[in-house]
Amino acid sequence: MLVEQVPEGLEEIPPGPELAAVIALLDVSRVAGRDLPIVLRARARQRSHEEAEFLRIIAEMGRRDPFSGFDMVATLDEQARYAADELRVALTLTRRAADDTQAYADDLMFHMPLVHAALYAGRIDPAKARVFWCHLHGLAAYHVESICAALLPVAGGLNTGQLAARLSCEVIAVDPERARKQYERAVTERAVIAYLNPDGTVTLTATGLPAEEAAAACERIHQLAKQVKRAGHPATLDQIKADVMLGLLNRRFDHMTTPQIITAMTSDVESGPAETGQAESGGDQDNQPNLASGGTASEPVGRLAGVEVSVELATLLGRNDHPAVIPGLGPVLAEVARRVVAGQRGAQWRYTLLNRDGRFVFGGITRRRPAGTGDRSHGGIVELLIPIDLLDELVHDPPDAGEWGRVVVDIAAQYRDYAQQLRDIDADPDRRFPTAALRRHVQQRDRACVGPGCRRPASKSEFDHTRDYQHHGPTTSTNGGPVCKHDHNLKSEGGWTLHQPKPGEFIWHTPLGQTHHSQGEPILYPATTPNQLLGPGRIWLQRQS
């Protein structure tokens, strides 16, 4: 087949009539595979541009004075009371859909003009514009402007999940009191919802749940499902998790211990793969139990499952109210993080040291605990995020709150010897599986699966050899990183290749010739505006893991 050439400079043409005319003439069925991503991005820019124009018309229609006459142009300073009903008739929408669309269009045009301009210029897509609106709706205008000015330039390189995490952190940091009230209001409105799907199955969901309790419930289900899987259940991990949740709710597992639940779930199935599931791990991934987040063969009755939480030491010391992160869930309020930490004395306590740019320097574990922490949960991970400047300050002026001084002394002593510890981590490159120290190191360094845009927490991913072990790839930090099953299959089955030119820097090459860089971002970001409740000073926002 004759290959159609893509016009030179297509990626530089701004969205509008010219770009629309160019891409309309292309026959994509004859475009070479390596050029298809270029055409796709051009079409995406034009689509965003058209969406911005579409929303502009809706916003303009909503501001027209309904009593000025059909042939007049008279506008109002705010949206007309029944503007959404005009939209409902014009586009045959439901009342709820019309209300939502009208509010969205009006906000983007008149309250978030920077977002609308970015959409119009094709720098962000409609989904990301929606994410901005969902997080910034109702926020003070000067906060909206400062956050948009900071995040819009980088939003094009983030997926919607990453962007939502960044926005959540920013919103909590600039107005923690508003965030607290929203959180408390949502908790008071908590509910369980069940609805029928078109295929006859049911979706069961709960909304407005307290963050720490929901995270503990998710962790309990995940760890129990992993134990059932290791016991020989042939279904996929997701299928087992659904069965575990149902059994816990419908009283099938009432009064059962963990071993009894495992026995009940495995007794009626044959060993080996079922038609509906495959082994959870494969290829170069380590098919080893990952107990870093608290999974054991038996769990104490009546205690919450421990969760993973990443929080600034300064927040725990009461120096700020910056949001923490529960990996896989997202940013949570400082007071939620303090409650989680206070109940997880028996968790694995990690420390992660950061440079002035908020990037990873070194990490490890500490067995020291401040006074006042209890054992209300089983397992979990507490990660203390500590800029090195703060560590130096605390060494010379130890904190007196809750005996945190002992924790600081231990971490400082380990940091003085970190060069040797890094050498020890890579001391056995010929072993098949990573040591606990090596696994933990890459988890703290890389934070999440290093696949393109993947947000699966590193503690829930497997240690992957960048250059496969079977091809003589060493088991070291320079040849390892956390990768989820799906992204591992891109390497083993999908024709993708992966390289790690520097520790923590990953380069993916796709079958169509695209290149994706997965590089460790700062773990703590400088905030875009000072938090007025905390006074002047540098504010740090945590990256979603």
Side-chain angles (χ1 to χ4, degrees), residues 78 103-104 106-116 118 124 128-155 158 160-190 207-212 214-215 309-326 329-340 358 385 522-545:
E78 59 184 22
Y104 172 53
D106 190 81
D107 267 355
L108 239 61
M109 274 297 300
F110 299 106
H111 301 295
M112 302 178 194
L114 292 178
V115 177
H116 185 267
I124 61 172
K128 291 172 185 173
R130 271 271 178 180
V131 172
F132 271 100
W133 178 66
C134 289
H135 285 79
L136 302 183
H137 174 69
L139 197 63
Y142 60 94
H143 285 327
V144 171
E145 183 177 359
S146 62
I147 292 174
C148 287
L151 291 188
L152 280 171
V154 300
L158 304 174
T160 52
Q162 293 168 326
L163 178 60
R166 291 284 299 272
L167 283 165
S168 293
C169 283
E170 297 279 5
V171 169
I172 292 174
V174 299
D175 197 345
E177 180 62 18
R178 174 180 175 274
R180 182 186 64 79
K181 289 180 179 179
Q182 283 188 318
Y183 178 89
E184 291 176 350
R185 181 168 60 251
V187 171
T188 62
E189 297 172 354
R190 60 192 179 276
T207 64
L209 303 181
E212 69 272 28
V309 61
S310 184
V311 57
E312 295 179 52
L313 176 59
T315 302
L316 298 177
L317 293 176
R319 294 188 172 202
N320 63 47
D321 285 316
H322 297 172
V325 162
I326 295 179
L329 184 64
V332 296
L333 298 174
E335 60 193 76
V336 172
R338 293 185 186 113
R339 288 199 299 268
V340 172
L385 301 177
I523 296 171
L524 293 178
Y525 293 102
T528 57
T529 57
N531 186 324
Q532 301 300 321
L533 297 181
L534 300 180
R538 195 167 196 185
I539 307 299
W540 292 87
L541 297 178
Q542 187 178 163
R543 175 166 72 95
Q544 163 66 20
S545 301

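Please read all numbers here as calculations on a predicted model, not as lab measurements.
The distance from the SG atom of Cys169 to the CG atom of Leu524 is 9.5 Å, given to the nearest 0.5 Å. Atom CZ of Arg338 and atom CG of Leu317 lie 9.5 Å apart (nearest 0.5 Å). The CZ atom of Phe132 lies 5.5 Å from the CG atom of Leu151; values are rounded to the nearest 0.5 Å. From Glu312, atom CD reaches atom NE2 of His322 across 5.5 Å, with rounding to the nearest 0.5 Å. In this structure, CG on Asp106 lies 5.0 Å from NE2 on His111, to the nearest 0.5 angstrom. Atom CG of Leu108 and atom NE2 of His137 lie 12.0 Å apart (nearest 0.5 Å).
Annotation for Val311 and Ala337: closest pair CG2-CB, 4.0 Å, computed over non-hydrogen atoms. Taking both residues in full, the closest heavy atoms of Ala215 and Leu329 are given as CB-CD2, 4.1 Å, listed atom of the first, atom of the second, then distance. Considering all non-hydrogen atoms of both residues, Leu139 and Val144 come closest at O-CG2, 3.6 Å. Closest of all the heavy-atom pairs between Val309 and Ala324 is CG2-CB, 4.3 Å. Considering all non-hydrogen atoms of both residues, Val115 and Leu152 come closest at N-CD1, 3.8 Å. Minimum interatomic distance between Cys148 and Leu136 (heavy atoms only, all atoms of both residues): SG-CD1, 3.6 Å.
The stretch residues 135-145 participates, sequence neighbours left out, in no salt bridge (Lys or Arg N to Asp or Glu O under 4.0 Å) pair at all.
Tyr183 is linked by a ring pair (Phe, Tyr, Trp, His ring centres under 6.0 Å) to nothing, counting only residues two or more places apart in sequence or in another chain. Considering only residues two or more places apart in sequence or on other chains, Arg180 meets the salt bridge (Lys or Arg N to Asp or Glu O under 4.0 Å) condition with Glu177, Glu184.
Side-chain atoms of His135 come within 3.5 Å of backbone atoms of Val131 as a donor-acceptor pair (strictly under, hydrogens ignored). For the pair Arg319 (side chain) and Leu313 (backbone), a donor-acceptor distance under 3.5 Å is absent. Checking side-chain atoms of Arg190 against main-chain N and O of Val187 turns up a donor-acceptor pair under 3.5 Å.
Of the N and O atoms on the side chains of His143 and Asp175, not one donor lies less than 3.5 Å from an acceptor on the other residue.
Put simply, the side chain of Pro176 does not reach to within 4.5 Å of the side chain of Leu333, judged on heavy atoms.
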Test Arg130 against Thr160 for side-chain contact (heavy atoms from CB on, under 4.5 Å), laying out the working first. CA-CA 9 Å; Arg130 271 271 178 180; Thr160 52; over 6 Å; no
